[in-house]
Amino acid sequence: MSLLSKAQQPDSQGRIQHVTPESAGWRYVGFDAYLLKKGEILRLSSGEKELCLVLVAGLASVKTRHAEFPGIGKRMSPFERVPPYSVYVPHNDEVEIQADSDLELAVCNAPSQGSLPARLIAPADVGVEQRGKGRNKRLVHNILPDNEPADSLLVVEVYTDEGDTSSYPSHKHDQENSENETYLEETYYHRFDPERGFAMQRVYTEDRSLDECMAPYNRDVVTVPRGYHPVATLAGYNNYYLNVMAGPERLWKFTWEKDHVWVNSDDYPRSK
């Protein structure tokens, strides 16, 4: 089973990506991406899932059974590097998204049995941080971190400049009932500036029983069922990715690959 899901031409609903637990061979994370034209309307049922709708680019009005969020959105490209507007939708709900401009919409989902209300996640609600140093720097927008209410979902977006690495030093979160890790499945939805670019992403385990290197292009998705999963950008192309994680425990707890953890130390980048 390939870990790379190539972007497709929009279907009748505008969907260009459709990752399910069944297609990914796992239990928790689902991910869809849509390209809607101004004025188009998308209707979704959350069923037994909670949803996080992320306005990757464009403007929208969103309605659920009990809440309305008209006229949301700010950035027209993710590379404006301002936090997005997002909407949390609980399970057993109905949602209607009207595109108030051309709209790139990510729909993140995971199992839910809770009773949280629908809510708007505005840019001011998103934690912004710079991580790393040297050639291992990135800008992070924490849209739905583990200290904000949800049942399963964790959602974050990351910017990596040309020639830099991220999701690095290599780390993993694939062990259940561990003191050091939580089991979290993960998807990466990639975007590039300019759009014709690509990056290199490797997904591999300690014993190399899984060891796959991929070249995601614009709007491709990489699935990470287990193992380490670093990203390396190429000269000329800045990278954005939207991460979705979920598992049996809603906590991001991981371990570094011991060979490369020194990149976090004061020895980097002065010495090799």
Side-chain ([X]) to main-chain ([Y]) donor-acceptor, under 3.5 angstrom:
X	Y	answer
Thr223	Thr187	no
Arg135	Pro269	no
Asp220	Tyr217	yes
Asn239	Thr160	no
Ser167	Val231	no
Glu148	Asp146	no
Lys253	Glu179	yes
Arg208	Glu206	yes
Asn243	Val158	no
Ser152	Pro111	yes

Between Arg81 and Asp161, is there a salt bridge with N-O shorter than 4.0 Å?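 Looking at Arg81 together with Asp161, the answer is yes, because their closest N to O distance falls below 4.0 Å.
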
Are Glu68 and Lys63 within salt-bridge range, i.e. N to O under 4.0 Å?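 No, this pair does not count.
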
If only side-chain N and O atoms count, and only distance matters, is there a donor-acceptor pair under 3.5 Å linking Asp100 with Ser61? yes

Of the non-hydrogen atoms in [X] and [Y], which two are nearest, and what is the gap between them?
X	Y	value
Glu249	Leu184	O-CD2, 3.9 Å
Glu162	Leu234	CB-O, 3.6 Å
Ala110	Leu153	CB-CD2, 3.7 Å
Ala99	Leu103	CB-CB, 3.9 Å

[Y] and [X], any side-chain heavy atoms less than 4.5 Å apart:
X	Y	result
Glu104	Tyr189	yes
Tyr85	Pro123	yes
Arg138	Asp164	no
Glu257	Pro230	no
Leu242	Ile143	yes
Val87	Val95	no
Trp256	His171	yes
Tyr159	His141	yes

Apply side-chain hydrogen bond (donor to acceptor under 3.5 Å, both in side chains) to residues Thr255 and Glu181 and explain how you reach the verdict. CA-CA 6 Å; Thr255 57; Glu181 296 180 31; 2.7 Å; yes

Could you list the donor-acceptor pairs under 3.5 angstrom formed between side-chain atoms of residues 27-42 and any protein atom two or more places apart in sequence or on another chain?
unit_1	atom_1	unit_2	atom_2	d
Arg27	NH2	Glu176	OE2	2.4
Asp32	OD1	His18	ND1	2.5
Glu40	OE1	Lys37	N	2.8

Among Ile, Leu, Val, Met, Phe, Trp and Tyr joined by side-chain contacts under 4.5 Å, find the other residues sharing a cluster with Met76 and list them by chain and number. Leu59

In sequence, state the C-alpha distance, the side-chain angles, and the governing distance for Tyr241 and Tyr188, and then conclude on ring pair (Phe, Tyr, Trp, His ring centres under 6.0 Å). CA-CA 6 Å; Tyr241 52 76; Tyr188 282 68; 4.6 Å; yes

Count I, L, V, M, F, W, Y as connected when their side-chain heavy atoms are under 4.5 Å apart, and connections chain through other members. Are Leu139 and Leu154 then in the same cluster? no

I'd like to check the ring pair (Phe, Tyr, Trp, His ring centres under 6.0 Å) partners of Tyr204; sequence neighbours left out, ordered by chain and number.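 Partners of Tyr204 by the ring pair (Phe, Tyr, Trp, His ring centres under 6.0 Å) criterion, ordered by chain and then number, come out as Tyr228.
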
In chain order, what residues pass the salt bridge (Lys or Arg N to Asp or Glu O under 4.0 Å) check against [X], with sequence neighbours excluded?
X	value
Arg75	Glu157
Asp174	Lys172
Lys137	none

Using side-chain hydrogen bond (donor to acceptor under 3.5 Å, both in side chains), reason through Gln175 and Asn180 one step at a time and then give a plain yes or no. CA-CA 8 Å; Gln175 298 297 308; Asn180 302 314; over 6 Å; no

For Lys74, look at atom NZ and say whether over 12 heavy atoms of other residues, nucleotides or ligands are found less than 6.0 Å away.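 Atom NZ in Lys74 is not crowded, with 12 or fewer foreign heavy atoms closer than 6.0 Å.
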
